[in-house]
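All heavy atoms count here, side chains included; hydrogens, waters and symmetry mates do not. Lettering of chains follows the sequences in order, A, B, ..., and the numbering in each one begins at 1.
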Amino acid sequence: MAESSRCETFVFLDLEATGLPNAYPEIAEISLFAIHRFSLEHPERDESGALQLPRVLDKLTLCMCPERHFTPKASEITGLNNQNLTNNHKPGFDSTVIKTLQQFLKRQESPICLVAHNGFDYDFPLLRTELQRLGTDMPEGTLCLDTLPALRGLDKAHHHSTRASHGKSYSLGNLYRQYFNDEPKAADLAEGDVYMLVMVFLHRAPELLQCFDDEAQSWDDIQPMYTPTTRRPSTLLWTLLS
DNA sequence: TGCCAGGCCCTCTTTAGGGCCTT
């Protein structure tokens, strides 16, 4: 349950990683769009009335080379692999990434709420694992919201289940296709998935913002996906709160 | 290190099983 009844900045998040939870994945790409509550409450539209991505937002996308090898499927889906990341001399998820994230989040008005699709079961536990590997964590008071159970819950409450009524799934791509009658944009690139996540959120923003109190959780309640090994002891004392 | 998930939802359910959702 949310510790605060109001969040000022929503940071939409997507991770590309070396595999699914059963593969003890490591993050290979992270993308975040930070959007203030104002832009979600006052969505922008073009001449035809179609929803637009908010003009004022902060973006951050970083690629990093994991130590673990990609599963073949993960590499196929993301277009990333250890070779092309190494060829581009990308370091791993290290203290530089943490510092960049810290600076990015510090620019946003707090409280901050992280938003991801299936975030409670994938993105948030994996991000917490990587942060714990470096002995750090998100800023105190961070909240998080998963659009997958939130949208399922809204549809169930309104008795118009997307899947039941149209045979569609709640995958991010299918939700985008259904809401905007358009094919997914740059799916499986982290930034493309965050774009679709923001647009899906905007389509249901009044309802999602209203149900925030019931659906959001404290970051402190997110359990790491697995117990990480500590391989960079020099970063152990560094924290986001420092 | 690990070599592999797991919580949630739906229904031909509840004494269960199958599929979704994330890479």
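Across B:dG19 and B:dT13, the matching C1' atoms stand 15 Å from one another, rounded to whole Å. B:dC20 and B:dG2 are spaced 25 Å apart, taking the C1' atom of each and rounding to whole Å. Comparing the same atom, P, in B:dC3 and in B:dC21 gives a spacing of 28 Å after rounding to whole Å. For the P atoms, the distance linking B:dC12 with B:dG18 amounts to 15 Å, nearest Å. Taking the C1' atoms as reference points, B:dT22 lies 16 Å from B:dC4, given to the whole Å. Taking atom C1' in both B:dT14 and B:dC9, the straight-line distance is 14 Å, to the nearest Å.
Residue A:Leu172 is classed as a sugar-phosphate contact, given heavy-atom separations below 4.0 Å to backbone atoms only. Within the 4.0 angstrom heavy-atom criterion, no nucleotide atom of any strand lies near A:Phe70. When heavy atoms are screened at a 4.0 angstrom cut-off, A:Leu20 is found touching base atoms of the nucleic acid. Heavy atoms of A:Thr227 sit under 4.0 angstrom from at least one base atom. Within 4.0 Å (heavy atoms only), A:Asp146 reaches no atom of the nucleic acid at all.
With sequence neighbours excluded, the residues satisfying salt bridge (Lys or Arg N to Asp or Glu O under 4.0 Å) with A:Glu76 are A:Lys73. Checked against salt bridge (Lys or Arg N to Asp or Glu O under 4.0 Å), A:Glu8 has the following partners two or more places apart in sequence or in another chain: A:Arg6.
Taking the side chain of A:Arg152 as heavy atoms from C-beta on, and the options B:dT23, B:dC20, B:dC4, the nearest nucleotide is B:dC20. Of the candidates B:dC3, B:dT23, B:dA5, B:dA5 carries the atom nearest the A:Pro21 side chain, counting heavy atoms from C-beta on. For A:Asn118, the side-chain atoms get nearest to B:dC21 when compared with the rest of B:dC4, B:dC21, B:dT23. When the nucleotides B:dC21, B:dC10, B:dT23 are ranked by their closest atom to the side chain of A:Lys73, B:dT23 comes out on top. Side-chain proximity of A:Arg68 to B:dT23, B:dG2, B:dC21: nearest is B:dG2.
Map A:Leu148 and A:Asn22 each onto its nearest nucleotide of DNA chain B; the residue landing nearer the 5' end is A:Asn22. Two residues, A:Thr78 and A:Pro149, neighbour DNA chain B, and the one matched to the more 5' nucleotide by heavy-atom proximity is A:Pro149.
In this model, the phosphate group of B:dG19 is not approached by any side-chain N or O of A:Ser169 to a distance below 4.0 Å at OP1 or OP2.
Checking A:Glu26 against A:Thr18 by side-chain atom types alone, no donor-acceptor pair falls below 3.5 Å. Neither side chain, A:Ser31 nor A:Asp14, offers a donor N or O lying under 3.5 Å from an acceptor on the other.
Note: A:Tyr226 and A:Tyr24 meet the aromatic proximity criterion, with ring centroids under 6.0 Å apart.
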